[in-house]
Asker: 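Okay, handing you the structure first.
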Amino acid sequence: MTATPLVQLEQVSKAYDMGEAQLVALHPTSLRIDAGEFVAIVGPSGSGKSTLLNLITGIDKPSEGRVLVGDAVISALNEDELARWRGRSVGLVFQFFQLLPTLTAIENVMLPMHFRGTYSGERPSRARALLEQVGMAARANHLPSELSGGEQQRVAIARALANDPPLLLADEPTGNLDTATSQQIIALLAALHGEGKTVVLVTHEPELAAVAGRVIHLQDGRVVEDRRTCA
Ligand SMILES: Nc1ncnc2c1ncn2[C@@H]1O[C@H](COP(=O)(O)OP(=O)(O)OP(=O)(O)O)[C@@H](O)[C@H]1O
Ligand SMILES: [Mg+2]
């Protein structure tokens, strides 16, 4: 089977002007992630992991180089185009969950469907099915403040899946969770990968990265290792 490239970085760099000096968050990097991969990005704090992820989603603009995701040249899109593209093409999961505090679990999951323009009659049943999938159906009407950290993250993953994006990007999704809960979240991401999602996971923790089929190691803004395991 020939692999289809989903994410392509072509000599992409990111630098910040800090007065006199320049801070290079990512040195020129070329990278390809194929559809169906489960990639972990690891490395010490400040090594450029979030920068790399934010370049893939267009949250950050590259200083140089091109970012392609599927057919779209992300680095060339304006903010409106990016917002529309993100809404249908990527699911984002963050360390601090970022659920809207005044909305219940199911309302949080329905929100991206609203922005996407999904038929309103279809949203509740679809959101309920997603909550079911992440094991949170029984908490559908809870506010985020009425959920544990792990439960909030599962709702956030359901929200990331709302518009059925092919690509799931998670930046330290377990950074705020205990070990047992972290393992549940990683198992959930692995299950979603098993169902066909392409998953890119940023993590500090090598033992969590071990579930991925490929581990990209960053150090000081450079890829120092890119290793495929047996998966
Ligand atoms: N807006 C900014 N202005 C200046 N420097 C920045 C900016 N954003 C990030 N950096 C720098 O770029 C480097 C890479 O940051 P990045 O957030 O990608 O690291 P990280 O690997 O995600 O770290 P962590 O594990 O702590 O989240 C760091 O040295 C950081 O200080
Ligand atoms: Mg980071």
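Each ligand, and each atom within it, is numbered from 1 in the order the structure gives. Values below: all heavy atoms of this structure, side chains included; hydrogens, waters and symmetry mates excluded.
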Asker: Quick one: does Glu195's side chain get under 4.5 Å of Leu192's, heavy atoms only?
Answerer: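 The answer is yes; the side chains approach within 4.5 Å.
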Asker: List every atom of ligand 1 that sits less than 4.0 Å from any heavy atom of His204, numbering the atoms from 1 in the order shown and giving each element.
Answerer: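 Close to His204: 25 (O).
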Asker: Salt bridge between Glu37 and Arg228, side-chain N to carboxylate O under 4.0 Å?
Answerer: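 The answer is yes: the pair qualifies as a salt bridge.
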Asker: Quick one: which ligand 1 atoms are inside 4.0 Å of a heavy atom on Leu23?
Answerer: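 Within the 4.0 Å cut-off of Leu23, ligand 1 contributes 11 (C), 12 (O).
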Asker: Just distances here: any N/O of Met18 and N/O of ligand 1 closer than 3.5 Å?
Answerer: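 No; the residue has no nitrogen or oxygen that sits under 3.5 Å from a nitrogen or oxygen of the ligand.
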Asker: Could you check Asp164 against Lys197 for salt bridge (Lys or Arg N to Asp or Glu O under 4.0 Å), going step by step and ending with a plain yes or no?
Answerer: CA-CA 9 Å; Asp164 198 23; Lys197 299 287 182 199; 2.6 Å; yes
Asker: Are any of the protein's heavy atoms under 4.0 angstrom from atom 17 (O) of ligand 1, yes or no?
Answerer: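 Yes, because at least one protein heavy atom sits under 4.0 Å from atom 17 (O) of ligand 1.
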Asker: Give the residue, atom name and distance (to 0.1 Å) of the protein heavy atom nearest atom 25 (O) of ligand 1.
Answerer: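 Looking only at protein heavy atoms, the one closest to atom 25 (O) of ligand 1 is Lys49 NZ, 2.7 Å.
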Asker: If we set the cut-off at 4.0 Å for heavy atoms, which region of Thr51 has an atom near ligand 1: side chain, backbone, both, or neither?
Answerer: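 Contact part for Thr51 vs ligand 1: both backbone and side chain.
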Asker: Sub-3.5 Å donor-acceptor pair from the side chain of Thr29 to the main-chain atoms of His27, do we have one?
Answerer: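 Pair found, side chain donor or acceptor close to backbone of His27.
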Asker: With atoms numbered from 1 as shown, which atoms in ligand 1 lie under 4.0 angstrom from a non-hydrogen atom of Ser47?
Answerer: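 In order of number, 19 (O), 21 (O).
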Asker: Can a salt bridge be assigned to the pair Asp60 and Lys14 using a cut-off of 4.0 Å between side-chain N and carboxylate O?
Answerer: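 No, no charged N to carboxylate O under 4.0 Å.
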Asker: Heavy atom to atom 24 (P) of ligand 1, shortest distance: which of Gly43, Ala15, Ser45, Pro44 holds it?
Answerer: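 Among Gly43, Ala15, Ser45, Pro44, the closest heavy atom to atom 24 (P) of ligand 1 belongs to Ser45.
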Asker: To check your reading of the model: name the closest protein heavy atom to atom 12 (O) of ligand 1, its residue, and the distance in Å.
Answerer: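 Nearest neighbour among protein heavy atoms for atom 12 (O) of ligand 1, to 0.1 Å: Ala25 CB, 3.3 Å.
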Asker: Does any N or O in the side chain of Lys49 come within less than 3.5 Å of the main-chain N or O of Glu172, such that one atom is a donor and the other an acceptor?
Answerer: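 It does not hold such a pair.
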Asker: Could you tell me whether atom 28 (C) of ligand 1 has at least one protein heavy atom nearer than 4.0 Å?
Answerer: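 Within 4.0 Å of atom 28 (C) of ligand 1, protein heavy atoms are found.
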Asker: Quick one: look up the protein heavy atom nearest atom 10 (N) of ligand 1 and list residue, atom name and how far away it is.
Answerer: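 For atom 10 (N) of ligand 1, the nearest protein heavy atom comes out as Tyr16 CE1, 3.7 Å.
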Asker: Quick check: does Ser50 have an N/O/S atom under 2.8 Å of the Mg ion (ligand 2)?
Answerer: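 Yes.
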Asker: With side chain to side chain contact (heavy atoms under 4.5 Å, CB included) as the test, pick out the partner of Leu55 among Leu31, Ile74, Val12.
Answerer: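 When Leu31, Ile74, Val12 are each tested with Leu55, the side chain to side chain contact (heavy atoms under 4.5 Å, CB included) holds only for Val12.
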Asker: Report yes if some heavy atom in the side chain of Arg126 is under 4.5 Å from a heavy atom in the side chain of Arg123; otherwise report no.
Answerer: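 Side chain of Arg126 against side chain of Arg123, heavy atoms only: no contact under 4.5 Å found.
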Asker: Give yes if a backbone or side-chain nitrogen or oxygen of Gly46 is under 3.5 Å from a nitrogen or oxygen of ligand 1, and no if not.
Answerer: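 By distance alone, the answer is yes.
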Asker: Answer yes or no: is there a side-chain heavy-atom contact under 4.5 Å between Val90 and Leu168?
Answerer: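 Result no, sub-4.5 Å side-chain heavy-atom pair not found.
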